[in-house]
Protein chains: 2
Amino acid sequence: MEEGTLKSPSHCKGTKDDAVRQWDVREDCEVRQILDRVADKWSLLVVALLDQGSWRFTELRREIDGISQRMLTVTLRNLERDGLVRRTVHPVVPPRVDYELTPLGATLHDTIQALVRWTESHQEEIAAARAAYDARATGDTP
Amino acid sequence: MEEGTLKSPSHCKGTKDDAVRQWDVREDCEVRQILDRVADKWSLLVVALLDQGSWRFTELRREIDGISQRMLTVTLRNLERDGLVRRTVHPVVPPRVDYELTPLGATLHDTIQALVRWTESHQEEIAAARAAYDARATGDTP
DNA sequence: CCGTATCCTCCTGGATACTG
DNA sequence: CAGTATCCAGGAGGATACGG
């Protein structure tokens, strides 16, 4: 509603000398807004799943362990609003609603898959790092 | 249920019960845990910045618009614990602490940059989709 | 079956003040 | 400067019940 007042150039003045940053990190910038949406815990999972064809609401709910009905609805609405997911209501009874990625959403999927794959392939290193950190913390700071 | 009624993607098997997923989405699985950490709003920003060399605490704080001292501390601690960020304390007065990516953290950076670049290059499409959705919602549901 | 609405809890995360 | 500690408001998010 109240946007339009501030428009930020993609290159910004940096406090660290001149232009060290390659992108805008201001709180009100577009990228930050979208990043917050896309980097959302549930959004990530939903998009990752939706690549595998069309899903019904209840299927998604069953599949995503731990998500509540409310959060799935909210997440899907947000993704739909951002043009990443298409919602199709079939006028049958009982009602049937299908969700699938839009072409725009499909382009995001590659990036998310990269994130998931990174996580999978580095989970042991991270687990080891955590264990080492915890051991250091408990044994070192009496 | 019945395998025939569900449209299945070419590379997927018929039932969605558990064979369709290519990765584990259980709440207690490693990938979910790490994903939640990595997909965190502040972590993403910190990692993206840290690629550009070594940063001091206050520099990061100034740079990341809107982050509080507490959240920066917490975020850096988590990243350090996961082995993504190295924290170096210089025994001088006034104290000086530098943060930089570990080799492991550097491998994550590519993925995060991909996410940031995706966001940048699609922000107009998303803004348009949002505007369309909002217009539809306000004009359609009295 | 697919939601919306309501309530209520809990945890995130900001503000502030204090140490080394 | 670089934290830690404490307090507290607000929103995320779960549980439940009901409507289409």
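Residue numbering restarts at 1 for every chain, and letters A, B, ... go by the order of the sequence lines. Hydrogens, waters and symmetry mates are skipped; everything else that's a heavy atom, side chains included, is used.
No contact: B:R61 has no heavy atom under 4.0 Å from any strand.
A side-chain donor-acceptor contact under 3.5 Å links B:D40 to the backbone of B:W42. Formation of a donor-acceptor pair under 3.5 Å by the B:R32 side chain with backbone atoms of A:D65 is found in this model. Although no hydrogens or angles enter the test, the distance criterion places a donor-acceptor pair under 3.5 Å between the side chain of B:T102 and the main chain of B:G83.
As rounded to whole Å, 11 Å separates atom P of C:dT4 from atom CG of A:L72. If you take CG of A:N78 and P of D:dG11, they are 16 Å apart, rounded to a whole angstrom. Look at CG on A:D98: it is 15 Å from C1' on C:dG3, rounded to the nearest Å. Summarising the geometry, the separation between CG on B:D36 and P on D:dA12 is reported as 16 Å, rounded to the nearest angstrom. The distance from atom CH2 of B:W55 to atom P of D:dA2 is 13 Å, rounded to the nearest whole Å. The NE2 atom of A:H90 sits 15 Å away from the P atom of C:dC1 (whole-angstrom rounding).
For D:dG3, the OP1/OP2 oxygens have a side-chain nitrogen or oxygen of B:Y99 closer than 4.0 Å. The side chain of B:R87 contributes no N or O atom lying less than 4.0 Å from OP1 or OP2 of D:dA2.
Under 4.0 Å is where a charged nitrogen must lie from a carboxylate oxygen, and between A:R81 and B:D134 at least one such pair does. Note on B:D98 versus B:R86: no salt bridge recorded, every NZ/NE/NH1/NH2 to OD/OE distance being 4.0 Å or above.
Where B:R56 and B:T73 each meet DNA chain D at their nearest nucleotide, the meeting point lying more 5' is that of B:R56.
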Practice problem: Could you encode protein contacts along nucleotides 6-20 of chain C as a string, one character per nucleotide from 5' to 3', using B for base contact, S for sugar-phosphate-only contact and - for no contact, with a heavy-atom cut-off of under 4.0 Å? | Solution: B------BBB-B--B
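In terms of heavy atoms, A:L44 sits closest to A:V38 at CD1-O, 3.2 Å.
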